[in-house]
Undergrad: 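Mind having a look at this structure? Questions to follow.
The figures here come from the full heavy-atom set of this structure, side chains too, leaving out hydrogens, waters and symmetry mates. Being a predicted model, the structure only gives us computed values, none of them experimental. Numbering of residues begins at 1 and proceeds along the displayed sequence.
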Amino acid sequence: MRISLGTFACSCIEARFGGDIDAVVEEALDSYADRIESLTDDRPMPLFWFVREAPEAQVELDLEIDPRQRRLFEAEARRQEVSIEQLLMHAIFLHIGAPAVHKAARIPVRI
């Protein structure tokens with residue numbers, strides 16, 4: 001699957017985690033898939049408004065998404081009435097903003 005990251009997404013990833021954009025995106029998608037799978041009544045927050053607008057691509061990534069995750073993302077995208085690309089961008093921004101220590105982070109985040 002191909003995903004385009006705009007300047008804003010790239011600069012947020014680089015500021016928070018350093019330059020390994022691929023690793024951060026993979027971690028974000030793994031985290032979001034786990035979150036969708038673990039839901040009972042608590043649904044993921046609705047998409048950020050700016051995710052609904054197509055960014056001007058700064059980076060194009062070819063992602064290998066396993067079939068289980070792809071089914072989860074497709075179902076969630078249908079539920080939220082958005083494209084799968086918009087849903088994946090939402091997952092990435094949730095990951096960027098999460099107040100936790102991430103595997104790809106250069107330094108721990110303090111709360």
Undergrad: Can you tell me how the ring of F17 sits relative to the ring of H95, calling it parallel under 30°, perpendicular over 60° and tilted otherwise?
TA: parallel
Undergrad: Is it true that, when you exclude E64 itself, more than 12 heavy atoms of the residues, nucleotides or ligands shown sit nearer than 6.0 Å to its CD?
TA: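 12 or below, so no.
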Undergrad: Can you tell me how far CD of Q86 sits from CD of E81, rounded to the nearest 0.5 angstrom?
TA: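 Here the rounded value is 11.5 Å.
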Undergrad: Show your reasoning for whether side-chain contact (heavy atoms from CB on, under 4.5 Å) applies to I13 and D20.
TA: CA-CA 8 Å; I13 290 170; D20 194 353; over 6 Å; no
Undergrad: Would E74 and R71 pass as an ion pair if we require N to O under 4.0 Å?
TA: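 Answer for the salt bridge query: no.
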Undergrad: So, for A33 and R68, which heavy atoms are closest and what is the spacing to 0.1 Å?
TA: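 What the structure gives for the nearest pair is CB-NH1, 4.4 Å.
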Undergrad: Quick check for you: to the nearest 0.5 Å, what is the distance between D30 atom CG and R35 atom CZ?
TA: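 Here the interatomic distance stands at 14.5 Å.
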Undergrad: Might you work through the side-chain contact (heavy atoms from CB on, under 4.5 Å) test for D62 and M1, ending with a clear yes or no?
TA: CA-CA 6 Å; D62 283 318; M1 167 171 279; over 6 Å; no
Undergrad: From the options I65, V25, L61, select the one residue that forms a side chain to side chain contact (heavy atoms under 4.5 Å, CB included) with L88.
TA: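 Testing L88 for a side chain to side chain contact (heavy atoms under 4.5 Å, CB included) against I65, V25, L61 leaves exactly one candidate, I65.
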Undergrad: Please report the interatomic distance CG(L29) to CD(E27), rounded to the nearest 0.5 Å.
TA: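 If we round to the nearest 0.5 Å, L29:CG and E27:CD are 10.5 Å apart.
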Undergrad: Determine, stepwise, if the pair E85 / R2 fulfils salt bridge (Lys or Arg N to Asp or Glu O under 4.0 Å).
TA: CA-CA 8 Å; E85 292 80 11; R2 196 161 185 82; over 6 Å; no
Undergrad: Is a side-chain N or O of Q80 found less than 3.5 angstrom from the main chain of A77, in a donor-acceptor match?
TA: no
Undergrad: Which atoms form the tightest heavy-atom contact between C10 and I21, and what is the distance?
TA: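 The answer is SG-CD1, 4.1 Å.
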Undergrad: Any sub-3.5 Å donor-acceptor pair from S38's side-chain atoms to D34's backbone N or O?
TA: yes
Undergrad: Out of curiosity, R70 CZ to F73 CZ, how far, rounded to the nearest 0.5 Å?
TA: 10.0 Å
Undergrad: Determine whether E76 and I84 satisfy the following criterion, side-chain contact (heavy atoms from CB on, under 4.5 Å), listing intermediate values before the conclusion.
TA: CA-CA 8 Å; E76 186 62 20; I84 193 165; over 6 Å; no
Undergrad: Which atom pair, heavy atoms only, marks the closest approach of L94 to Y32?
TA: CD1-CE1, 3.5 Å
Undergrad: Show the numbers, then the answer: is there a side-chain contact (heavy atoms from CB on, under 4.5 Å) between L5 and M89?
TA: CA-CA 8 Å; L5 298 180; M89 286 302 303; 3.3 Å; yes
